[in-house]
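Let me begin by presenting the structure, written as structure tokens, before commenting on it.
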Amino acid sequence: MHTNRIENFWSLLKRGLKGTYVSVEPFHLFRYLDEQAYRFNERKANDGERFIGVASSVLGRRLTYAELTGKTESTAEPLPA
């Protein structure tokens, strides 16, 4: 039994939090964890393969600014026409 994979994951996560994402708010931490988990799980794919995978999974989906920022539709201001 070995723990190399989980140690590698935590090492990459800590490197990302200290190097790339230097100002992480605790309430957004789950988003950073999700991104790092995706990167770790797709580490054997090259950049082109990862891009195609992400692009194909978002095709036909819509993310509004209100959903992205956590605002409800009733408090969101309408976009100018």
Side-chain angles (χ1 to χ4, degrees):
M1 190 57 87
H2 61 84
T3 60
N4 289 347
R5 289 186 183 148
I6 191 67
E7 289 175 0
N8 186 20
F9 173 79
W10 288 119
S11 174
L12 291 172
L13 175 65
K14 288 190 293 185
R15 188 180 317 148
L17 292 176
K18 291 180 182 178
T20 305
Y21 313 112
V22 293
S23 180
V24 175
E25 296 292 334
F27 57 89
H28 289 299
L29 186 59
F30 71 96
R31 292 181 174 103
Y32 293 102
L33 289 171
D34 285 346
E35 180 183 353
Q36 289 298 329
Y38 174 77
R39 287 177 183 234
F40 186 77
N41 290 333
E42 298 294 325
R43 67 190 178 277
K44 293 183 180 177
N46 63 31
D47 290 338
E49 293 168 343
R50 278 192 293 272
F51 177 78
I52 290 171
V54 170
S56 66
S57 70
V58 298
L59 186 65
R61 294 185 179 194
R62 181 175 181 222
L63 178 64
T64 63
Y65 181 75
E67 291 171 326
L68 180 65
T69 57
K71 297 178 181 178
T72 61
E73 291 296 323
S74 61
T75 60
E77 295 179 22
L79 293 174

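- The salt bridge (charged side-chain N to carboxylate O under 4.0 Å, His left out) test applied to R50 returns D47, not counting sequence neighbours.
- With sequence neighbours left out, the side chain to side chain contact (heavy atoms under 4.5 Å, CB included) criterion links L59 to no other residue.
- With sequence neighbours excluded, no residue forms a ring pair (Phe, Tyr, Trp, His ring centres under 6.0 Å) with F51.
- By the ring pair (Phe, Tyr, Trp, His ring centres under 6.0 Å) test, Y38 is found to be paired with no residue, residues two or more places apart in sequence or in another chain being considered.
- By the salt bridge (charged side-chain N to carboxylate O under 4.0 Å, His left out) test, E35 is found to be paired with R39, residues two or more places apart in sequence or in another chain being considered.
- I52 belongs to no multi-residue hydrophobic cluster, having no ILVMFWY side-chain contact under 4.5 Å with any other such residue.
- Residues satisfying the salt bridge (charged side-chain N to carboxylate O under 4.0 Å, His left out) criterion with D34, sequence neighbours excluded, are absent altogether.
- To the nearest 0.5 Å, atom CG of residue N46 and atom NZ of residue K44 are 14.0 Å apart.
- Under the 4.5 angstrom side-chain criterion for Ile, Leu, Val, Met, Phe, Trp and Tyr, V58 has no cluster partners at all.
- Each salt bridge (charged side-chain N to carboxylate O under 4.0 Å, His left out) pair with one or both residues in residues 7-17, not counting sequence neighbours, would appear here, but there are none.
- Residue Y32 belongs to a hydrophobic cluster whose other members are I6, F9, W10, L12, L13, L17, Y21, V24, L29, L33, F40, with links defined by side-chain heavy atoms closer than 4.5 Å.
- The nearest pair of heavy atoms linking V22 to G19 is CG1-O, 3.5 Å.
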